Amino acid sequence: MYEGVVQNLIDELGLLPGVGPKSAQRIAFHLLAADPADVKRLAHALLEVKDKVRFCRVCGNVASEEDCRICRDARRDLHVICVVEEPKDVVAIEKTREFRGRYHVLGGAISPIDGVGPDDLRIRELMTRLADGQVTELIIATDPNLEGEATATYLARLVKPMGVRVTRLASGLPVGGDLEYADEVTLGRAFEGRRLLDV
Amino acid sequence: MHVAHLSLTDFRSYPSVELELQPGVTAFVGPNGQGKTNLVEAIGYVATQSSHRVAADAPLVRHGAGRAIVRASVVKDDRRALVELEINPGRANRARLNRAPLSRARDALGLLRTVLFAPEDLALVKGDPSERRRFLDDLLVARAPRFAGVRADYDRVLKQRGALLRTAMATRQGGRRGSRTGHTVVRRAEDEAGFASMGAGDVLSTLDVWDAHLARHGAELLGARLDLVEALRPLVEQAYAALAPGSAAVVMSYRGTHLSTGEDDLGTSDRAVLTERLRARLLEVRDAEVERGVTLVGPHRDDLLLGLGDLPARGYASHGESWSFALALRLAAYELLRADGSDPVLILDDVFAELDAQRRRRLAETVRDAEQVLVTAAVPEDVPAELSGFRYQVAEGSVSRGD
């Protein structure tokens with residue numbers, strides 16, 4: 001145990017995701033040795049992110065204004081919405097440059113063990129967005145795990161009666177990989193989701 | 001296949017032990033409590049990544065040590081593979097294959113296949129349905145390691161759905177009490193379940209979703225079990241007849257909760273049919289499920305019914321008959337694995353002491369041709385003469401060659 005303030009810092013850092021006690025200690029001593037100006041800049045950035053960043057009132061993505069950059073972009077396709085669990089998923093999909101529609105960030109997935117039900121996710125907001133009939137396709141891109149699949153099923157059931165096409169991201173083999181190295185579950189999924197070859 | 005080398009670090013009573021093994025019969029002899037079973041338990045762990053004696057991993061680690069390491073060199077068709085498992089109670093185990101780390105310990109399943117006979121096997125016949133479900137599921141995983149994933153997925157759905165049902169139960173009870181005493185009670189009942197934010201309508205609409213997933217994953221497990229029972233049936237009959245000639249015929253049938261009371265077997269293991277069936281049954285029992293807060297239908301509540309002639313084995317079979325039945329189940333598993341490909345390693349942990357002379361001899365005759373047989377016994381006389389081979393003396397945590 002270290003003197004009060006230092007230990008405080010280590011404890012606080014240790015609460016961050018992916019930071020164990022050893023790493024927390026390393027970061028703390030790095031900060032102690034660092035230039036005061038650098039540390040001030042970091043502290044400022046931390047406070048600023050809580051102060052200034054808000055969530056887009058349309059899609060729920062992180063934004064610096066009322067609406068996020070993507071929702072404000074008039075060139076984006078208004079007819080397609082891609083549903084994801086977290087803002088970081090938006091970043092991942094944006095990197096592909098494949099998708100030109102807009103997003104909807106749920107803020108998690110349905111998981112009764114963690115006490116997360118549909119009302120805790122931004123599903124009501126999604127329904128409001130779909131109400132005017134402009135959206136023709138909903139692409140569900142929740143994580144390919146049990147909770148993500150359950151959320152996908154739930155949304156599909158809710159949205160299908162509205163006449164919107166509901167699709168799910170394909171899951172299967174990684175591109176550039178070798179078939180023999182795929183695990184059985186992934187390979188099994190790939191078989192399930194096989195498609196007709198166009199020639 | 002056979003195990004050529006076993007090395008343990010901080011496993012059970014052993015700080016460290018190295019053991020060379022040969023194909024054929026090897027017997028570990030020594031007084032009780034000296035660590036014979038620990039050796040074969042370790043080999044069983046390499047195959048199934050679970051112990052046949054305890055449900056949790058913590059007792060496998062030597063007292064005072066943080067983790068245990070099991071290394072086994074497995075020879076199959078003249079090829080050697082080194083499997084290393086690091087057992088970390090409370091955390092994920094780690095595995096290496098030929099010194100290369102595997103991303104999940106589960107990927108090391110199936111490299112070694114064993115069939116283990118132990119005094120605990122009597123519970124297959126006399127014990128709870130969970131013993132028989134575990135027997136079937138372990139065999140599924142041994143035949144196709146993919147089923148470890150299927151089983152884990154199903155358990156996860158069950159947990160999620162269970163949490164939801166308990167919320168529904170709390171909401172319902174809270175609502176009932178609340179109508180008399182006001183809103184505070186409703187709040188408290190929901191808080192107790194830990195899901196204050198979930199309303200009753202919310203719960204029921206998500207229950208449909210979990211029903212669908214439970215049915216799909218459940219049907220996969222159920223279908224595989226039904227196919228497995230069909231494959232086992234003739235082998236069990238054959239093995240039982242060999243162990244106890246002239247006795248009543250053995251009967252084996254899978255009793256699934258996907259069937260209503262009195263309803264006959266659907267006669268199919270088609271996954272789509274079973275999925276539909278499970279969903280329909282879940283709807284039928286939903287009221288009772290919400291009342292009790294548990295999932296009442298699905299492979300986690302099924303049983304494998306065992307009978308001798310017209311009578312159920314449980315409660316009616318004699319001690320000797322129960323033993324013969326348990327042995328027949330294990331022998332059938334062995335035959336099935338053998339038919340799939342290479343010979344599994346046979347482990348007979350302290351079983352001969354439990355059997356009468358006739359069963360001893362017949363069991364020894366049946367297993368002596370296996371590629372590798374590992375036997376543990378307290379006294380040398382418990383190892384049948386048919387099973388001559390290498391002997392190890394086990395005393396106070398040390399293992400030495402000798403007769």
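Note that this is a predicted model, so its numbers are computed, not measured.
With a 4.5 Å cut-off on non-hydrogen atoms, B:D208 touches chain A through its backbone and its side chain both.
Counted within 6.0 Å of CZ on B:R80, heavy atoms from surrounding residues, nucleotides or ligands total 12 or fewer; the atom is thus considered open. No more than 12 heavy-atom neighbours from other residues, nucleotides or ligands sit within 6.0 angstrom of CZ on B:R292. The number of heavy atoms from other shown groups lying within 6.0 Å of CZ (A:R165) does not exceed 12. Remark: A:R129 CZ is packed, more than 12 non-hydrogen atoms of other residues, nucleotides or ligands lying under 6.0 Å away.
Judged as a ring-ring contact (aromatic ring centres under 6.0 Å, His included), and not counting sequence neighbours, the contacts of A:Y103 are A:F99.
Side-chain contact between B:T167 and A:P112 is absent, with no heavy-atom pair separated by less than 4.5 Å. Using a 4.5 Å cut-off on side-chain heavy atoms (C-beta onward), B:R156 and A:N145 make no contact.
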Could you give me the CA-CA distance, side-chain angles and deciding distance for A:L146 and B:V157, then say whether side-chain contact (heavy atoms from CB on, under 4.5 Å) is met? CA-CA 7 Å; A:L146 188 63; B:V157 183; 3.4 Å; yes
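Checking side-chain atoms of B:Q160 against main-chain N and O of A:E147 turns up no donor-acceptor pair under 3.5 Å.
Counting heavy-atom pairs under 4.5 Å between each of B:H213, B:R161, B:R104, B:R146 and chain A puts B:H213 at the top.
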